[in-house]
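Side-chain atoms are counted along with the backbone in the values below, which use heavy atoms only and exclude waters and symmetry mates.
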Amino acid sequence: MVAWGPIASPALSQVEVDLAGETELARLIDLAASRRGVSVEYQPQELKGSLTLRLSEPLTDQELWRLTEDALAARGFALAPIADGAVLSVVRLTDAPKRVSPELGVGTGTGSFVSAVVDLEHADPPAVLKAIQPLLTQGSSAAVQLGDRPSILVSDTRRRVQLVMKLIAEMDQPGAVVSMVEYDAQELDAESLASLAAQVAASQEAAGGRALPGQVVARPSGTSVLVVAPQAEHERWLRVLAQLDRQQPVVTRTYLPGRYGLGDVAGLIQEVIAGDDERFRVVQDALTNALVITATPSQHAEVDALLERLASAPAEARRPARRFVLRNRDVTEVLEILRELIGAGGADAPGDGETLSTNAASLQPPPQLNTPPDTTGITQRTPAPETPASQRPTSSSAASEDGAVQLVADPATNTIIAIAEPLVLDRLESIIETLDVRQTQVALEVLIVSLTDDETLDLGIEIDRLIDGPDESVGRLSSLFGLGSNLADDALPAGGAGFTGAILSPGDFTVVIRALETLNDGRSLSRPKVLVENNEQAVLDSVIQQPFTSTNASDTVATTSFGGTQDAGTQVTVTPQIAEGDHLRLEYAIALSSFVGDSADPNIPPPRQENRVQSVATIPDGYTVALGGIELTTDADAESRVPGIGAVPIIGELFKNRSKSSGRSRFYVFIRANILRDRGFEDLKYLSDAEVRDAGIDDGWPELKPRLIR
């Protein structure tokens, strides 16, 4: 650290110093301190470097000191007093505010960084702070108001503080005398007139004109306004109010937004032009895709200018891209519907020549007395003819002409990306919102019941008589119906079921009696269940495949191979459609088939019986109803007898074999349908929990048990 003591002789401050060429910064500080008669401390390693001086004449001590302050400030340093101002220290500008105390002026003291308090008499402190901010050193200066006092504390280098104080002195002058004048509103209400006057004053200042000092305040009565301004500005304010206090008549016109969306254009017009005018109205006519606007002629002119600007936009700006995220439907399914709709011309844009336009006014204000009707500014432009349907684009994947649509599906995010004109995009958005709705689910339970009742009765008598003839010949007389066998061998009949009785007289005669009654009561139940969305087809098949062989024979060899399969089982196809009143329209086809015996030949499939019901019906929600059935009843009475004697009463019964059978088969189809509408799927959870419990499956949820808390 180097410290220089003050020079005792005051005459040195008047000596001129001749500096030229390159001078070290530290040497310059030493020389200025010795001439000034103050002590300066600094860190030599921080003040390395030199400066080159080109002076036309020698410097005085005061000029040398200012040169030293400027050189230090250019390098980010300042001179701050320490030890009651007896010694100055070279510090960084960012640390200087901590080393100085406020002064009443900046003409005293020897430091190059000073703080000064300026008391204001007339000027507003916030306005003064805003004005002096550009003059201060960025990053190391400060300018703040002292509490609620009309005083400002400024901290910066001495030169900048002096410049700021001059500006404050210019601003802290007595203002003009402010007074009030009242203006009686003639056409507009006081609030509207005051608001309009404020907008005009702000617009005039923003446009570069001379600002209108003052303010217009609406009186509570609503019939007049008060102008608070300098007296010299009263006349200007009154002229502005007189020009504004004119209520223009309103006119209703119809505008065609052309290729742009109805809602987008209406919102833009409302935001840009309407303002606070309650008479300005924009009505969207979705039936004709038009805007009905009620406004003043000047506002209509603004609407025309806005629509003309939109119509003159380049073609690429009129074909934005928009993404539609589907929440409930499959993107490929919706995309196919949109393509069919576009191919039919259902989402076309207007013709190439049709632009934003206006039709003649549909409503004119009543004419004023002695004033002709205002028809200026009302124009009519005829739209170009619409493109014929035969010339419209039919592909949704390639679009280069105006009005075409490009559609791309992203299955990963279930999103449709569309590139088209805004009007077409709005139509597509409306269509997609209509299509992308959550479909209600239907829980279907199909009960297929097959009932069989069979009864057979067999009763027969067989007689076998041996007759001796002449010459040791033997004859035989028999009435046989297949009840027994080997009767000639004098043995009991073999085989058969039921009651069997035999009378044997060896060598003489044999009688066999057999009675059998068979009863069959069968029941088959098939109960498939399926969950399906509205208007979707549900298919449930449970079949058994019976294979059979095929034989190919030739002159030398026969080859046996697999011939195919025959299916038998339950096949259900149901398509539900929810109708009005929670009724269900069902389109169903139900088939129940089974094998009824063995195949007579391995090369052919076994016999199969199939019961099938197919129809369309409407059933109530939550009910089990019978949708179809087949009932088959058979009765058979057969009799085998010996001709002649078998027809003789009583005796003929010994020469008969009777068989009676009756059968009844019934096939029923029941369907129970439950519409599941709960948004949180609580009804589906309830039905699923019941099935999970019946199946003995662990659903993974912890079992909650009550616990006694004492």
*Asks:* List the residues meeting side chain to side chain donor-acceptor pair (under 3.5 Å) with S430, not counting sequence neighbours, and say none if there are none.
*Replies:* none
*Asks:* Identify whether the distance between the nearest side-chain nitrogen and carboxylate oxygen of R323 and D410 falls below 4.0 Å.
*Replies:* no
*Asks:* Go through the steps to decide whether T575 and L586 satisfy the test side chain to side chain contact (heavy atoms under 4.5 Å, CB included), and finish with yes or no.
*Replies:* CA-CA 6 Å; T575 302; L586 296 181; over 6 Å; no
*Asks:* Evaluate side chain to side chain contact (heavy atoms under 4.5 Å, CB included) for D285 paired with T288, printing each intermediate quantity in order.
*Replies:* CA-CA 6 Å; D285 184 5; T288 60; 2.7 Å; yes
*Asks:* Hey, are D304 and R253 close enough for a salt bridge, meaning a charged N less than 4.0 Å from a carboxylate O?
*Replies:*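 The answer is yes: the pair qualifies as a salt bridge.
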*Asks:* Say you draw a straight line from CD of E682 to CG of L676; how long is it, rounded to the nearest 0.5 Å?
*Replies:*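 CG of L676 is found 12.0 Å from CD of E682.
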*Asks:* Is any side-chain heavy atom of T413 closer than 4.5 Å to one of V325?
*Replies:*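 No - every pair of side-chain heavy atoms lies 4.5 Å or more apart.
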*Asks:* Start with the C-alpha distance between R322 and D426, add both sets of side-chain angles, then the distance that settles salt bridge (charged side-chain N to carboxylate O under 4.0 Å, His left out), and finish with yes or no.
*Replies:* CA-CA 10 Å; R322 191 181 300 180; D426 286 349; 3.2 Å; yes
*Asks:* To check you understand the geometry: which heavy-atom pair defines the closest contact between D678 and G680, and what is its length?
*Replies:*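 Between these two residues, the closest heavy atoms are OD1-N, 2.8 Å.
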*Asks:* Kindly indicate whether the side chain of L307, heavy atoms from C-beta on, has any atom under 4.5 Å from the side chain of V265.
*Replies:* yes
*Asks:* Do the non-hydrogen side-chain atoms of V616 and R585 ever get within less than 4.5 Å of each other?
*Replies:*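 Sidechains of R585 and V616: in contact.
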*Asks:* Hey, does E433 have a side-chain heavy atom less than 4.5 Å from the side chain of F324?
*Replies:*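 They are not in side-chain contact.
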*Asks:* How many angstroms lie between OG in S526 and CD in Q571, if you round to the nearest 0.5 Å?
*Replies:* 11.0 Å
*Asks:* Ignoring hydrogens and geometry, is there a side-chain-to-backbone donor-acceptor pair from N534 to T440 under 3.5 Å?
*Replies:*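 The answer is no, because no donor-acceptor pair under 3.5 Å joins these two groups.
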*Asks:* Check the side chains of S665 and T452 for a donor-acceptor pair under 3.5 angstrom, ignoring hydrogens and angles.
*Replies:* no
*Asks:* Ignoring hydrogens and geometry, is there a side-chain-to-backbone donor-acceptor pair from D453 to R664 under 3.5 Å?
*Replies:* no
*Asks:* If you define the side chain from C-beta out and look only at heavy atoms, does anything of L584 sit under 4.5 Å from Y623?
*Replies:*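 No - every pair of side-chain heavy atoms lies 4.5 Å or more apart.
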*Asks:* Any side-chain heavy atom of L256 within less than 4.5 Å of one from N289?
*Replies:*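 Answer no - side chains too far apart.
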*Asks:* Which heavy atom of A673 sits nearest to which heavy atom of D621, and what is that distance?
*Replies:*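 Nearest heavy atoms, A673 then D621: O-OD1, 3.3 Å.
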*Asks:* Please check this pair: side chain of S195 against backbone of E191, looking for a donor-acceptor N/O pair closer than 3.5 Å.
*Replies:* no
*Asks:* When rounded to the nearest 0.5 angstrom, what is the spacing between CG in D567 and CG in D541?
*Replies:*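 Reported to 0.5 Å precision, the distance equals 9.0 Å.
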*Asks:* Heavy atoms only: give me the nearest L425-A420 pair and the separation to one decimal.
*Replies:*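 Taking L425 first and A420 second, the nearest heavy atoms are CD1-O, 3.7 Å.
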*Asks:* Does a side-chain heavy-atom distance below 4.5 Å link L447 with V669?
*Replies:* no
*Asks:* Just checking I709: does its CD1 atom have more than 12 heavy atoms from other residues, nucleotides or ligands closer to it than 6.0 angstrom?
*Replies:* no
*Asks:* So, D245 side chain and A185 main chain: donor-acceptor pair closer than 3.5 Å or not?
*Replies:*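 Not confirmed, D245 side chain does not pair with A185 backbone.
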*Asks:* Which value, rounded to the nearest 0.5 Å, describes the distance between L193 atom CG and L241 atom CG?
*Replies:* 5.0 Å
*Asks:* What do you reckon, is CZ of R612 surrounded by more than 12 foreign heavy atoms closer than 6.0 Å?
*Replies:*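 Count over threshold, so yes.
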*Asks:* Looking at CG of L687 and CZ of F681, how far apart are the two atoms once the value is rounded to the nearest 0.5 Å?
*Replies:*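 Spacing of CG (L687) from CZ (F681) equals 13.0 Å.
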*Asks:* Step by step, work out the side chain to side chain contact (heavy atoms under 4.5 Å, CB included) result for I578 and R677.
*Replies:* CA-CA 11 Å; I578 301 177; R677 294 187 179 276; 3.5 Å; yes
*Asks:* Using the rule given for side chain to side chain contact (heavy atoms under 4.5 Å, CB included), can you reason through R672 versus R527, listing the C-alpha separation, both sets of side-chain angles and the distance that settles it, and then say yes or no?
*Replies:* CA-CA 11 Å; R672 176 186 298 162; R527 194 174 184 178; 4.2 Å; yes
*Asks:* Using every non-hydrogen atom in the two residues, find where T573 and Q537 come nearest and quote the distance to one decimal.
*Replies:* CG2-NE2, 3.3 Å
*Asks:* Do R427 and E429 sit within salt-bridge range, that is, some charged N less than 4.0 Å from a carboxylate O?
*Replies:* no
*Asks:* Under the criterion side chain to side chain contact (heavy atoms under 4.5 Å, CB included), which of V539, V442, L540, V446 is the partner of V530?
*Replies:*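 Going through V539, V442, L540, V446 one by one, the side chain to side chain contact (heavy atoms under 4.5 Å, CB included) with V530 is satisfied by L540 alone.
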*Asks:* Quick one, S593 with R608, criterion side chain to side chain donor-acceptor pair (under 3.5 Å). Give me CA distance, side-chain angles, the key distance, then yes/no.
*Replies:* CA-CA 7 Å; S593 58; R608 184 174 71 101; 3.2 Å; yes
*Asks:* Would you find a donor on one side and an acceptor on the other, under 3.5 Å apart, between the side chain of R329 and the backbone of L435?
*Replies:* yes
*Asks:* With a 3.5 Å distance limit and no angle check, can you tell me whether N535 reaches the backbone of Q577 through a side-chain donor-acceptor pair?
*Replies:* no
*Asks:* Going from CG on L338 to CD1 on I416, what distance comes out if it is rounded to the nearest 0.5 angstrom?
*Replies:* 5.0 Å
*Asks:* For the residue pair P411 and V331, what are the closest heavy atoms and their distance?
*Replies:* CA-CG1, 3.8 Å
*Asks:* Considering non-hydrogen atoms only, spot the tightest contact between A290 and L262 and give its length.
*Replies:* O-CD1, 3.5 Å
*Asks:* Side chains of L428 and V405, heavy atoms from C-beta outward: is any pair under 4.5 Å?
*Replies:*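 Counting from C-beta outward, L428 and V405 do come under 4.5 Å.
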